[in-house]
Protein chains: 2
Amino acid sequence: MEATTPLQDARDEFIAGWGTLGSSWGINRTMAQIHAFLLTSTRPLSTDEIMEALQISRGNAHGNIRELVGWTLIRSVIKKGERKEFFEAEKDVWKIACTIARERKRREIEPALEILKSCSDQTKDLKDKESKAFHAQMTELRDFVSLSGRALESAAKTEQSKILKVAARFIS
Amino acid sequence: MEATTPLQDARDEFIAGWGTLGSSWGINRTMAQIHAFLLTSTRPLSTDEIMEALQISRGNAHGNIRELVGWTLIRSVIKKGERKEFFEAEKDVWKIACTIARERKRREIEPALEILKSCSDQTKDLKDKESKAFHAQMTELRDFVSLSGRALESAAKTEQSKILKVAARFIS
DNA sequence: CATTACTTTCAGTATATTCTGAAAGTAGGA
DNA sequence: TCCTACTTTCAGAATATACTGAAAGTAATG
């Protein structure tokens with residue numbers, strides 16, 4: 001039986017919870033767990049350390065690490081004298097949020113806009129009542145999604161302090 | 001071979017696209033398709049009409065319709081003289097967005113907060129450097145997630161016009 | 001160039017999710 | 001009460017997604 005410390009316990013809870021959470025965000029569980037693990041590490045870690053800690057195979061670790069690098073949520077670090085790669089997570093919460101916002105915009109909002117634009121355009125000259133209703137619905141949706149995307153983009157460009165001010169006004 | 005109209009084509013594109021999109025949002029494809037189908041219908045539809053149009057089984061249609069009712073994205077309508085239920089979607093884009101925002105907050109932000117709170121609390125009295133770093137990270141994350149949740153909640157309570165004004169300031 | 005220390009790939013397997021369809025359940029109307 | 005028109009359930013099948021581990025690939029080092 002392994003002895004556990006309060007820190008280990010809390011960290012394990014975070015890793016497990018973040019993994020579950022990730023699933024409902026369309027992010028795979030292992031990827032979220034690796035992210036959580038690196039996020040709570042005080043030093044860069046190797047693939048083997050990650051495999052060992054999360055009890056996952058090399059292939060699984062490798063692929064999900066690459067995904068996280070692709071999202072720029074983690075980056076690879078080369079230690080002098082060491083041949084292998086180490087990985088560390090971005091720790092700044094605001095930067096993480098901006099990265100995720102941008103990535104989701106690119107992967108979800110932009111494709112959605114393409115579809116809505118196409119649906120709106122295809123029906124813009126039709127005269128019957130049903131077509132007009134459809135066209136109006138698509139146009140409204142497109143405008144809304146487009147606005148949301150632009151707002152997200154702007155927010156991700158703005159300094160954290162400014163966003164906090166606006167947010168504070170809303171909440172109060 | 002069935003002849004198609006431009007409206008049918010556009011509508012099919014929307015249904016298919018919305019379905020794919022839904023997947024990346026952690027919403028199942030059929031549920032998103034049913035929603036898209038009802039969103040672009042000018043009248044309430046029965047389970048059988050939905051089954052027929054999307055070529056899905058009764059069980060599948062039934063379950064996903066119930067889910068959508070649970071999300072309050074669609075509602076059941078009783079037609080006089082008819083024994084069966086009909087369903088119609090909320091058409092107002094802003095209302096749809098608020099509903100989704102509230103639901104996701106409840107399902108994702110709140111559970112996340114529980115975890116972060118627990119992790120932060122468990123480590124608040126620990127004195128070693130690693131524990132302090134962990135505690136600080138959890139606390140930052142918690143504060144950020146909490147703020148986001150409250151902002152989302154407020155936004156969903158505010159009139160659309162006010163939000164549009166704030167959004168406009170940001171984008172320009 | 002051969003060895004070593006890694007990284008990458010991928011076919012096969014395991015798991016999780018979604019879907020089907022038939023059977024059981026329910027309630028209005030005769 | 002029974003019939004009929006519908007709704008609900010759920011075991012098993014189909015599909016999609018994620019994971020393993022071993023083999024192949026790559027490049028630094030001596």
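Convention: sequence-line order gives letters A, B, ...; per-chain numbering from 1.
Applying the side-chain hydrogen bond (donor to acceptor under 3.5 Å, both in side chains) test to B/Trp94 and every residue at least two apart in sequence or in another chain returns nothing. Shown here are the side chain to side chain contact (heavy atoms under 4.5 Å, CB included) partners of A/Asn64, two or more places apart in sequence or in another chain: A/Asn28, A/Thr30, A/Met31, A/Ile34, A/Asn60. Applying the side chain to side chain contact (heavy atoms under 4.5 Å, CB included) test to A/Ile78 and every residue at least two apart in sequence or in another chain returns nothing. Legend: residues meeting side chain to side chain contact (heavy atoms under 4.5 Å, CB included) with B/Ser23, ordered by chain and number and at least two apart, are B/Arg29.
The ring pair (Phe, Tyr, Trp, His ring centres under 6.0 Å) pairs that include a residue from residues 12-60 of chain B are B/Phe14-B/Trp18, where partners are two or more places apart or lie in different chains. Counting only residues at least two apart or on different chains, no ring pair (Phe, Tyr, Trp, His ring centres under 6.0 Å) pair has a member in residues 132-172 of chain B. Evaluation of the salt bridge (charged side-chain N to carboxylate O under 4.0 Å, His left out) test over residues 67-80 of chain B, restricted to residues two or more places apart or in two chains, returns B/Arg75-B/Glu88, B/Arg75-B/Glu90. For residues 110-138 of chain A, the pairs satisfying salt bridge (charged side-chain N to carboxylate O under 4.0 Å, His left out) are A/Lys105-A/Glu110, with sequence neighbours left out.
When only modelled atom types and interatomic distance are considered, B/Ser131 and B/Thr123 share no side-chain donor-acceptor pair under 3.5 Å.
Regarding B/Leu54, its CG atom lies at a distance of 11 Å from the P atom of C/dC19, rounded to whole Å. Distance A/Arg83 CZ to C/dT3 P: 14 Å, rounded to the nearest Å. Rounded to an integer number of Å, the gap from B/Asn60 CG to C/dG21 P is 10 Å.
Near-neighbour residues of DNA chain C inside residues 41-49 of chain B, defined by a heavy atom below 4.0 Å, are absent. Shown for residues 61-68 of chain A: residues whose heavy atoms fall under 4.0 angstrom of DNA chain C, namely A/His62, A/Arg66.
Smallest separation of non-hydrogen atoms from A/Gln122 and B/Pro6: OE1-O, 4.4 Å.
Backbone-only contact: B/Asn28 has heavy atoms under 4.0 Å from sugar-phosphate atoms and none from a base.
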Please tabulate, for the side chains in residues 47-56 of chain B, all donor-acceptor contacts under 3.5 angstrom to protein atoms that are two or more places apart in sequence or on a different chain.
| residue | atom | partner | partner atom | Å |
| --- | --- | --- | --- | --- |
| B/Asp48 | OD2 | B/Arg58 | NH2 | 2.9 |
| B/Glu49 | OE1 | B/Ser46 | N | 2.8 |
| B/Glu49 | OE1 | B/Ser46 | OG | 3.3 |
| B/Glu49 | OE2 | B/Arg43 | NH1 | 3.3 |
| B/Glu49 | OE2 | B/Arg43 | NH2 | 2.9 |
| B/Gln55 | NE2 | B/Glu52 | O | 3.0 |

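Of the two residues near DNA chain C, A/Phe87 and A/Ser23, the one whose nearest nucleotide lies more 5' is A/Phe87.
Bracketed by its first and final contacts, the part of DNA chain D lying under 4.0 Å from non-hydrogen atoms of chain B reaches from D/dT4 to D/dT9 in 5' to 3' order.
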